[in-house]
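Per chain, numbering begins at 1; letters A, B, ... match sequence-line order.
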Number of protein chains: 2
Amino acid sequence: MTMANERLQEVVHSLKSTKIRMTPQRHAILEFLYDSMSHPTADDIYKALEGKFPNMSVATVYNNLRVFKEVGIVRELSYGDSSSRFDCVTSDHYHVVCSDCGKIVDFHYPGLDEVESLAEHVTGFQINTHRMEIYGKCPDCAPISRH
Amino acid sequence: MTMANERLQEVVHSLKSTKIRMTPQRHAILEFLYDSMSHPTADDIYKALEGKFPNMSVATVYNNLRVFKEVGIVRELSYGDSSSRFDCVTSDHYHVVCSDCGKIVDFHYPGLDEVESLAEHVTGFQINTHRMEIYGKCPDCAPISRH
DNA sequence: TCTTTAATTATAATTCTTATAATTAAATAT
DNA sequence: ATATTTAATTATAAGAATTATAATTAAAGA
């Protein structure tokens, strides 16, 4: 069993204790999110699952992503482009985004906790979390540099 | 003359040397952006200026924000919520966002250059820039805590 | 198996943003 | 100061992403 599947099992189990019902569509959406290393849009998910669920509505995808967000197992990311991307909340990592082709790569880096605490002091906010993206050109899009 | 107006003058002057023409609408949009400490949406700007320009089209606001972005004097920020926000590019700062009411406060912090260089090594991207948001509840939205 | 109530579906409606074509106006040359 | 060129504005329509609605279906627990 893969790591992704283990986490999926945990999440499915933890949802059992809530009012939130487990449906085949929900399971499939979660499964797709946990298996994929990409950061799919709602439409990506919809398209990926239309083979298995030919009658599934786009609204179902959106509804469930919202539910997952509310429970805190999924995060919504919006970059410059038109549609939001969705990501399982796992261990802390940041994202490196290609400004040409939009590819997103995970980047592990120790959490910037001191930024949060400083922001808390300076602004008077009660800080919960933060998010960082690093932008550049991926190897495929960058001109080949020699040195 | 305020700091904001000084910067506005500079920008207007620098646009003179390009093909980009200065129009009253453009000037008003820039003025509004430089004066406002908030991070308005396109619609905020449109509404704020409809008194002065009753016939201005929303398209004009969007068009000009795109132009300003291309020239590099304005930055587009997209958070989870529906519409993008726009911000004058000034000195480096980050944003603290209230997850309840959406208020955005600037947060000055030394640029995280080492994050960029590490990301460059780890991912092979040619990194240009990064962006960080810190999320929490603003003083108005946070429950009053006593300690 | 029955009952309750949440989830799904299909569809319409909204919202944000961009495209189009005609008109207007800035900048520059005359 | 006027004419010319060409970019900017306007009004409108179109597009895409997301959300709302109402009827139907199906999970979970009794």
Side-chain angles (χ1 to χ4, degrees), chain A residues 11-32 39-71 73-86 102, chain B residues 11-32 39-71 73-86 102:
Chain A
V11 166
V12 169
H13 185 76
S14 75
L15 285 177
K16 284 260 163 66
S17 61
T18 69
K19 295 269 175 204
I20 297 167
R21 295 178 181 172
M22 189 47 53
T23 66
Q25 293 90 334
R26 255 175 205 172
H27 196 279
I29 292 170
L30 279 178
E31 195 175 20
F32 182 76
H39 301 78
T41 64
D43 198 58
D44 290 338
I45 300 171
Y46 176 64
K47 288 213 171 63
L49 300 181
E50 70 181 356
K52 203 186 275 183
F53 298 93
N55 296 320
M56 186 168 66
S57 167
V58 214
T60 299
V61 177
Y62 279 103
N63 286 341
N64 287 323
L65 288 171
R66 178 167 33 75
V67 169
F68 296 151
K69 263 168 58 187
E70 285 165 4
V71 183
I73 60 182
V74 161
R75 184 184 334 212
E76 181 174 1
L77 305 169
S78 40
Y79 299 100
D81 53 349
S82 44
S83 44
S84 289
R85 291 157 174 281
F86 295 87
Chain B
V11 166
V12 169
H13 185 78
S14 75
L15 286 177
K16 285 259 163 67
S17 60
T18 68
K19 295 269 175 205
I20 297 167
R21 295 176 180 174
M22 189 47 53
T23 68
Q25 293 91 334
R26 251 171 209 176
H27 196 278
I29 292 170
L30 279 178
E31 195 175 20
F32 182 78
H39 301 76
T41 63
D43 197 58
D44 291 337
I45 300 171
Y46 176 65
K47 288 213 170 63
L49 299 181
E50 72 181 355
K52 203 186 275 182
F53 299 94
N55 296 319
M56 185 169 68
S57 167
V58 216
T60 299
V61 177
Y62 279 103
N63 286 341
N64 286 324
L65 288 171
R66 178 166 34 75
V67 169
F68 297 151
K69 264 169 55 188
E70 284 165 5
V71 182
I73 61 182
V74 161
R75 184 185 331 213
E76 181 172 0
L77 306 167
S78 40
Y79 300 101
D81 54 349
S82 42
S83 44
S84 289
R85 291 157 173 281
F86 296 87

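Atom P of nucleotide dC16(C) and atom CD of Glu76(B) are separated by 14 Å, given to the nearest angstrom. His27(A) has its NE2 atom 13 Å from the P atom of dA27(D), to the nearest Å. We find that CD1 of Ile45(A) is positioned 13 Å from P of dT8(C), with the value rounded to whole Å. If you measure from atom CD1 of Ile20(A) to atom P of dT5(C), you get 17 Å, rounded to the nearest angstrom. In this entry the distance linking NZ of Lys19(B) with C1' of dA25(C) reads 17 Å, nearest Å.
In this model, a side-chain donor or acceptor of Arg21(A) finds a partner on the base of dT5(C) within 3.5 Å.
Listed pair Arg26(A) / dA7(C) meets the phosphate criterion, a side-chain N or O lying under 4.0 Å from OP1 or OP2. Considering only side-chain N and O atoms, Asn64(B) lies under 4.0 angstrom from the phosphate OP1 or OP2 of dT9(D). An OP1 or OP2 oxygen of dT18(C) is reached within less than 4.0 angstrom by no side-chain nitrogen or oxygen of Tyr62(B). Dashed line: the shortest gap from a side-chain N or O of Thr23(A) to OP1 or OP2 of dT8(C) is under 4.0 Å. Contact annotation: Ser83(B) does not reach the phosphate of dT15(C) (side-chain N/O to OP1 or OP2, under 4.0 Å). Of the side-chain N and O atoms in Thr60(B), one or more sit less than 4.0 angstrom from OP1 or OP2 of dT10(D). For Gln25(A) and dT9(C), the shortest distance from a side-chain N or O to OP1 or OP2 is below 4.0 Å.
Remark on DNA chain D: of its neighbouring residues Asn63(A) and Ala42(A), the 5'-side contact belongs to Ala42(A), judged by nearest-heavy-atom nucleotide.
Judged by distance alone, the side chain of Arg26(A) and the main-chain N or O of Asn64(A) form no donor-acceptor pair under 3.5 Å.
Minimum atom distance to the side chain of Ser82(A) is reached by dA17(D), of the listed dA27(C), dA28(D), dA17(D).
Put simply, CZ on Phe53(B) and OG1 on Thr23(B) are 7.5 Å apart, with the number rounded to the nearest 0.5 Å.
Considering Thr60(A), Val61(A), Val58(A) as possible partners of Ile45(A), the one that fulfils the side chain to side chain contact (heavy atoms under 4.5 Å, CB included) test is Val61(A).
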